[in-house]
Amino acid sequence: MAEARKDLGRHLAAWRGIAGMTQVELAKLICYSRSQIGNVEIGRESTTRRFWQGADAAVGADGALLAAFDQVDALVRDFHAQEVQARERQRRHHAAPPAVPTAEAECPGECGCTPMVVGRWTGREVRALREALRMSVRAFAEHLGVTTATVSRWEHRRAPAPPRPAAQSALDQALTRVDTGSKARFRLLLTSPDDSATRAHGGRATRGRSTVTPIHQADRTRPAS
């Protein structure tokens, strides 16, 4: 903006020179002080549109000076508007409460389904997350910071209990960090029916088939493990 004001002032000085006027003579014609003319010509101020209307007519610029002023004025107004928007964004950022991480698998958007939240991690959700990440049991264990035996115990339905609260939290965090494609696979693995899993007894499935069990409908009761 400072450069734009200086350029505008140089235009005024050039037109005044073409008209053969001194700063004092121009100041008298448009009813401003000589110091104001000087400040405008060095870019120290751009003053009002009324000033530029009078100056344009006095030096015979035929609208050129007024148009140049309008461009600089639009630049200044746009800059101030951006400053206001930046301050408002900063105010909202500081006023907003911190986001609470949730174990939520977001749909990529094409299917239009609603987000799904894992209320309690059991063997089927653990295996679905591992398979969605395309990881082996060993790699998934290292990813979570637990032992391979621990992941295997979680994934088998014959385990005496689901993961403990600390492990539930670790799985929640792991889910929030995965990319959109992995989240979509996680949802698909939980919602796709699997005949081998539904025919399995005691949590054991047919060799070579996925052991992720289908997600139960809200109006049905989960069979006891």
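Bear in mind that the values here come from a model prediction, so they are computed numbers and not experimental data.
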Roughly how far, to the nearest 0.5 Å, is CD of Glu25 from CZ of Arg16?
9.0 Å
Smallest heavy-atom separation, Lys183 atom then Thr176 atom, equals NZ-O, 4.0 Å
Calculate, to the nearest 0.5 Å, the distance between atoms CH2 and CG belonging to Trp121 and Leu175 respectively.
4.5 Å
Is it the case that the side chain of Arg44 and the backbone of Asn39 share a donor-acceptor pair, with hydrogens and angles ignored and the cut-off at 3.5 Å?
no
Could you state whether Val84 and Leu75 fall into the same hydrophobic cluster, counting links through intermediate Ile, Leu, Val, Met, Phe, Trp or Tyr residues with side-chain heavy atoms under 4.5 angstrom apart?
no
Taking all non-hydrogen atoms of both residues, which atom of Ser35 and which atom of Ser33 are closest, and how far apart?
OG-OG, 3.0 Å
Within this structure, what is the CZ-CZ distance for the pair Arg127 and Phe140, rounded to the nearest 0.5 Å?
11.0 Å
So, do Val40 and Tyr32 sit near enough that their side-chain heavy atoms are less than 4.5 Å apart?
no
What residues form a side chain to side chain donor-acceptor pair (under 3.5 Å) with Gln82, not counting sequence neighbours?
Asp78
Between Glu41 and Ala13, what is the shortest heavy-atom contact and its length?
OE2-CA, 3.6 Å
No-hydrogen, no-angle side-chain donor-acceptor test under 3.5 Å, Glu155 and Ser152
no
Quick one: do Ile42 and Leu8 end up in the same hydrophobic cluster if we chain Ile, Leu, Val, Met, Phe, Trp and Tyr together by side-chain heavy atoms under 4.5 Å apart?
no
Euclidean distance, Trp15 CH2 relative to Met21 CE, rounded to 0.5 Å
12.0 Å
Do Glu131 and Arg185 come close enough that some side-chain heavy atom pair is under 4.5 Å?
no
Could you walk me through whether Glu88 and Arg91 pass the salt bridge (charged side-chain N to carboxylate O under 4.0 Å, His left out) test, one step at a time?
CA-CA 5 Å; Glu88 179 62 17; Arg91 185 191 65 79; 2.6 Å; yes
Spatial distance of atom OG1 (Thr148) from atom CZ (Arg153) [nearest 0.5 Å]
11.5 Å
Is there a path of hydrophobic side-chain contacts, each under 4.5 Å between heavy atoms of I, L, V, M, F, W or Y residues, that connects Val24 with Val59?
no
Taking atom CZ of Arg10 as the centre, report whether more than 12 heavy atoms of other residues, nucleotides or ligands fall under 6.0 Å from it.
yes
Where Ser182 and Ala132 come nearest, the two heavy atoms and their spacing:
O-CB, 3.4 Å
Heavy atoms of Phe79 and Met1 approach each other most closely as CD2-CE, 3.2 Å
Counting N and O atoms only, with roles assigned by atom type, does the side chain of Arg5 sit under 3.5 Å from a partner on the main chain of Glu45, one being a donor and the other an acceptor?
no
Shortest non-hydrogen contact from Ile30 to Ala55?
CG2-N, 3.8 Å
CZ of Phe51 to CG of Asp56, rounded to nearest 0.5 Å, is 11.0 Å
Under a 4.5 Å cut-off applied to non-hydrogen side-chain atoms, are His80 and Val76 in contact?
yes
Tell me, do Leu66 and Arg49 make a side-chain contact under 4.5 Å, heavy atoms counted?
yes
Quick check: do Trp154 and Leu144 have side-chain heavy atoms less than 4.5 Å from each other?
yes
